[in-house]
> 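Dropping a structure here in structure tokens format, bear with me for questions.
Owing to the predicted nature of the structure, the values given are computational and were not obtained by experimental measurement.
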Amino acid sequence: MKTYARLLLCHLLAVILGFALYIGLIRSPLLDHLSILFYRGVMVAGATAIILFVGGLLLRGRWRPDPSTLVGGVALSLAFNISFLITFPVTFDRSITMFLLARIEAQDGRLDAQGLERVYVREYLGDMRQIDRRVAEQSLSGNIRVERGHIHITPQGRRLLTGGRWIGAWFSADPRFVTAPPPARPAH
């Protein structure tokens, strides 16, 4: 039982220390040049894992974990940090729902559905230029390419959509987000 308690304590400490270090590094200027939060977050999570691993190797005496405990703790910390990144900051950064809730909060009771739609079009799509942001991000990610102002899907983008459709189907997600209707045919 003592062995399991020590293992649990080591893994718990790795997750707590790893998360604290992760938050510190993500708030630092480290990798600020990466404008896409997801990519920066994954890179910082990797750096955190390396720092934790090296730190664990440098521990002396009674505090030094055996290699499998160290690897397990670092892996748990990395998984937790990436899961947190995807679940909270990246979701909030990209969420139309969070945008709408913030506007409802600011104008509590003064908006109806049509007013909220007008705010969305004017602010989210207009002032905040979210379409431009998404085009730049997806171009940088390699999912699209822009040629003479026209946007084209890349093979990587098609694979991303195919994967999204499969995974979405597993969870009965709304397929309209990953499968667009065919373009309207021109009237004759």
> Show the nearest heavy-atom pair for residues V42 and L85, with the distance to one decimal.
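It is N-CD2, 3.7 Å.
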
> Which atom pair, heavy atoms only, marks the closest approach of I86 to T91?
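Heavy atoms of I86 and T91 come nearest at O-OG1, 2.8 Å.
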
> Transitively linked via ILVMFWY side-chain contacts under 4.5 Å: M43 with V54?
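Different hydrophobic clusters.
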
> Are there over 12 heavy-atom neighbours, none belonging to R145, within less than 6.0 Å of that residue's CZ?
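It does: R145 CZ has more than 12 such atoms within range.
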
> Evaluate the side-chain proximity of L31 to Y39: yes if any heavy-atom separation is below 4.5 Å, no if none is.
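Side-chain contact under 4.5 Å: no.
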
> Between L140 and I36, which heavy-atom pair has the shortest distance, and what is it?
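Residues L140 and I36, closest heavy atoms: CD2-CD1, 3.6 Å.
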
> Any chance you could measure T154, atom OG1, to I144, atom CD1, to the nearest 0.5 Å?
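That separation rounds to 8.5 Å.
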
> State, yes or no, whether a side-chain contact exists between F99 and M128 at a heavy-atom distance under 4.5 Å.
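A side-chain contact under 4.5 Å exists here.
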
> Given the rule in the side-chain contact (heavy atoms from CB on, under 4.5 Å) test, do E137 and R94 qualify, once you have shown the distances and angles that lead to the verdict?
CA-CA 12 Å; E137 287 176 354; R94 308 189 73 73; 2.7 Å; yes

> I need the minimum non-hydrogen distance between A14 and G73, along with the two atoms involved.
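Heavy atoms only, the tightest pair is CB-O, 3.5 Å.
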
> What orientation do Y120 and Y124 show, parallel under 30°, tilted 30 to 60°, or perpendicular over 60°?
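Taking Y124 first and then Y120, their aromatic rings lie parallel (interplane angle under 30°).
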
> How close do C10 and T69 get, counting heavy atoms only, and between which atoms?
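Shortest heavy-atom contact: CB-CG2, 3.6 Å.
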
> Please round to the nearest 0.5 Å and tell me the distance separating atom CZ of F92 and atom CG of L101.
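Reported value, rounded in 0.5 Å steps: 10.0 Å.
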
> Classify the side-chain pair R165/T179 by whether it contains a donor and acceptor separated by less than 3.5 Å.
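Distance-only check passes for R165 and T179.
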
> Just so I know, are the side chains of R122 and V119 near enough to count as touching, which here means a heavy-atom distance under 4.5 Å?
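They are in side-chain contact.
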
> Pair V146, H152 - check side-chain contact (heavy atoms from CB on, under 4.5 Å), show working.
CA-CA 6 Å; V146 180; H152 303 271; over 6 Å; no

> Are R134 and Q130 linked by a side-chain donor-acceptor pair shorter than 3.5 Å?
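A pair is found: one side chain offers a donor N or O, the other an acceptor, under 3.5 Å apart.
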
> Does the side chain of S141 pick up a donor-acceptor pair with the side chain of N143 at under 3.5 Å?
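No.
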
> To the nearest 0.5 Å, what is the distance between NE2 (H11) and CG (L9)?
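Reported value, rounded in 0.5 Å steps: 10.5 Å.
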
> Under 6.0 Å from the CD atom of E117, do we count more than 12 heavy atoms belonging to anything else shown?
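Count not over threshold, so no.
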
> Passes salt bridge (charged side-chain N to carboxylate O under 4.0 Å, His left out), D93 versus R133? Steps please.
CA-CA 12 Å; D93 183 57; R133 178 182 177 195; 2.5 Å; yes

> Around atom NE2 of H150, are there more than 12 heavy atoms of other residues, nucleotides or ligands at under 6.0 Å?
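Not more than 12 within 6.0 Å, no.
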
> On a heavy-atom basis, which atom in L111 and which in R103 lie closest, and how many Å separate them?
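Reported closest heavy-atom pair: CD1-O, 4.0 Å.
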
> Heavy-atom distance under 4.5 Å between the side chains of P89 and F84, does that happen here?
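In short, these two side chains touch, coming nearer than 4.5 Å.
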
> Take a 6.0 Å sphere around CD of E147 and say whether it holds more than 12 heavy atoms from other residues, nucleotides or ligands.
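Atom CD in E147 is packed in, count exceeds 12.
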
> To the closest 0.5 Å, what do you measure between OG (S77) and CG (L13)?
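So the gap between those two atoms works out to 11.0 Å.
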
> Does F80 reach the side chain of L76, with side-chain heavy atoms less than 4.5 Å apart?
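No, every pair of side-chain atoms sits at 4.5 Å or beyond.
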
> For the hydrophobic clusters of this structure (ILVMFWY residues joined by side-chain heavy atoms under 4.5 Å, transitively), does one cluster hold both L21 and I16?
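They do not share one cluster, since no chain of ILVMFWY contacts under 4.5 Å joins L21 to I16.
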
> Quick check for you: to the nearest 0.5 Å, what is the distance between Q156 atom CD and L161 atom CG?
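If we round to the nearest 0.5 Å, Q156:CD and L161:CG are 11.0 Å apart.
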
> Just how far is it from atom CZ of R159 to atom CD1 of I153, taken to the nearest 0.5 Å?
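Reported value, rounded in 0.5 Å steps: 10.5 Å.
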
> Kindly indicate whether the side chain of I51, heavy atoms from C-beta on, has any atom under 4.5 Å from the side chain of L25.
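Yes; the side chains approach each other to less than 4.5 Å.
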
> Tell me whether the count of non-hydrogen atoms from other residues, nucleotides or ligands lying under 6.0 Å of CZ in F177 goes above 12.
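Counting neighbours around CZ of F177, 12 or fewer heavy atoms of other residues, nucleotides or ligands fall under 6.0 Å, so no.
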
> Step by step, work out the side-chain contact (heavy atoms from CB on, under 4.5 Å) result for T48 and I26.
CA-CA 10 Å; T48 299; I26 207 84; over 6 Å; no

